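Whatever order the structure lists them in is the order used to number ligands and atoms, beginning at 1. Bear in mind the structure is a predicted one, so any value in this text is a computation, not a measurement.
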Amino acid sequence: MTVAGWIAPGDSRIGVLGGTFDPIHFGHLAIAEQVREALSLDRVLFVPAARPPHRLASDVTAAADRAAMVALAIADNAAFSLCRIELDRDGPSYTSDTVAALADEAARERVVPELFFILSSEALVGFAKWHDPDRVLASCRLAVVPRPGTPLPARAWLESHLPGGATAADRVDCVETVPLANSASGVRLRVSQGLSVRYLVPPTVETYICDHRLYTQPANRRTA
Ligand code: ATP
């Protein structure tokens, strides 16, 4: 796997926000910013997935469009970067491969790299069934944020649901964030219904969606 240049020299505490970003919305940006602040992160890498495991390839917007929208959305935050690591490699997009590759790169740069994979409490519920969750936890800590409908997990829940029990639970940082109920599926639905997504996505992303006629109808998606 080719990995180069994702970790900037001088960054030692790095957040990794993986997602489909179809499209990126203010919910993503808010959790990234608030986790960055709470955990004193130097940088947050936004990592669009090439092949999201939970959605059919034919039902996902082209990777180029999703990455372009991420780049537009984060352009005004110097601590945010687009990381194309999953888009530039072949094969399935496994978080375990991504964080291991980033940890390897960070280790080459620094003595003790600290990576924090950011995910919501809703996503954490399925974490044990991800590909090689032990390897994910070996490469990074988890920064878990609440998502409306799914509060932050208690320590006992972490110990009983994460592979690795108490040892794994020690690798989790729960971060209280301001709840925003935005979802990408909600944005897609509204656009397909001809409804406004102003104040749900950044203006530049709204313009991109409009200019590229994305999400105009549920089946009108290009494959990644
Ligand atoms: P979809 O609605 O298509 O499932 P999504 O809005 O969940 O998409 P993803 O790109 O799949 O967007 O999300 C990436 C990560 O961000 C996941 O961990 C997801 O749970 C989290 N996330 C997305 N929106 C929010 C939100 N409003 N609050 C907290 N976490 C969120």
Side-chain angles (χ1 to χ4, degrees), residues 15-39 41 44-63 65-74 80 82-87 93-96 98-99 115-131 133 136 140-153 162 172-193 195 197 199-202 205 209 214-215 218-221 224:
V16 179
L17 177 55
T20 313
F21 302 121
D22 192 12
I24 189 167
H25 53 71
F26 279 129
H28 298 124
L29 295 165
I31 62 174
E33 175 66 2
Q34 290 168 42
V35 170
R36 181 198 64 73
E37 184 175 51
L39 300 183
L41 304 181
V44 177
L45 302 177
F46 287 69
V47 186
R51 295 186 197 169
H54 61 294
R55 288 178 51 194
L56 295 173
S58 59
D59 195 33
V60 181
T61 302
D65 287 323
R66 292 183 289 112
M69 290 188 281
V70 170
L72 289 169
I74 66 176
F80 289 176
L82 168 65
C83 174
R84 299 180 51 91
I85 185 171
E86 295 194 0
L87 305 182
S93 262
Y94 289 125
T95 299
S96 54
T98 299
V99 291
L115 291 183
F116 299 80
F117 189 83
I118 303 167
L119 76 173
S120 76
S121 45
E122 181 192 62
L124 183 73
V125 169
F127 177 77
K129 293 193 176 142
W130 288 14
H131 180 78
V136 175
C140 65
R141 298 180 64 83
L142 300 184
V144 181
V145 301
R147 189 161 188 179
T150 313
L152 284 174
L162 294 183
V172 177
D173 299 295
C174 288
V175 180
E176 276 294 358
T177 51
V178 175
L180 290 180
N182 299 22
S183 69
S185 45
V187 169
R188 296 194 300 273
L189 181 64
R190 287 186 68 83
V191 176
S192 72
Q193 294 174 335
L195 298 172
V197 292
Y199 309 123
L200 298 178
V201 300
V205 172
I209 290 171
L214 300 181
Y215 316 126
N220 186 15
R221 309 254 177 76

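The N/O atoms of L180, backbone and side chain alike, include one that comes under 3.5 Å of an N/O atom in ligand 1. Between V145 and ligand 1, no pair of N/O atoms sits closer than 3.5 Å. Annotation: S120 places an N or O atom under 3.5 Å from an N or O atom of ligand 1; distance criterion only. Considering backbone and side-chain N/O atoms, I31 never comes within less than 3.5 Å of an N/O atom of ligand 1.
Partners of F116 by ring-ring contact (aromatic ring centres under 6.0 Å, His included), not counting sequence neighbours: none found.
Ligand 1 does not have D22 within reach: every non-hydrogen atom of the residue lies 4.0 Å or more from it. Using 4.0 Å as the threshold, G18 has a heavy atom nearer than that to some atom of ligand 1.
Short contacts between ligand 1 and N182, defined as distances under 4.0 Å to a heavy atom of the residue, involve ligand atoms 24 (N), 26 (C), 27 (N). Atoms of ligand 1 found under 4.0 Å from any heavy atom of G19 (numbered from 1 in listed order, with element): 10 (O), 14 (C). The A123 neighbourhood of ligand 1 comprises atoms 18 (O), with distances under 4.0 Å to a heavy atom of that residue. Of all atoms in ligand 1, numbered sequentially from 1 with element shown, those under 4.0 Å from a heavy atom of L119 are 18 (O). Each of the following atoms of ligand 1 lies closer than 4.0 Å to a heavy atom of F21: 10 (O).
Taking the six-membered ring where the residue is Trp, F21 and F46 present tilted rings, their angle falling between 30° and 60°.
Residues Q34 and V175 have side chains not in contact (no heavy-atom distance under 4.5 Å, counting atoms from C-beta outward).
The main-chain N or O of S121 is never found under 3.5 Å from a side-chain atom of T150 such that the two would form a donor-acceptor pair. Under a 3.5 Å cut-off, the side chain of E86 and the backbone N or O of V47 do not form any donor-acceptor pair. Of the possible polar contacts, one joining the R188 side chain to the D22 backbone as a donor-acceptor pair under 3.5 Å is found.
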Please list every donor-acceptor pair under 3.5 Å in which a side-chain atom of residues 142-149 meets a protein atom from a residue at least two apart or in another chain.
| from | atom 1 | to | atom 2 | distance (Å) |
| --- | --- | --- | --- | --- |
| R147 | NH1 | E122 | OE1 | 3.2 |
| R147 | NH2 | N182 | O | 3.3 |

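If you check each of Q34, R66, R147, R188 against atom 25 (C) of ligand 1, the one with the closest non-hydrogen atom is R147. When the options S185, P146, G126 are ranked by their closest heavy atom to atom 2 (O) of ligand 1, first place goes to S185.
Contacts of P179 with ligand 1, taken as heavy-atom pairs under 4.0 Å, are absent altogether.
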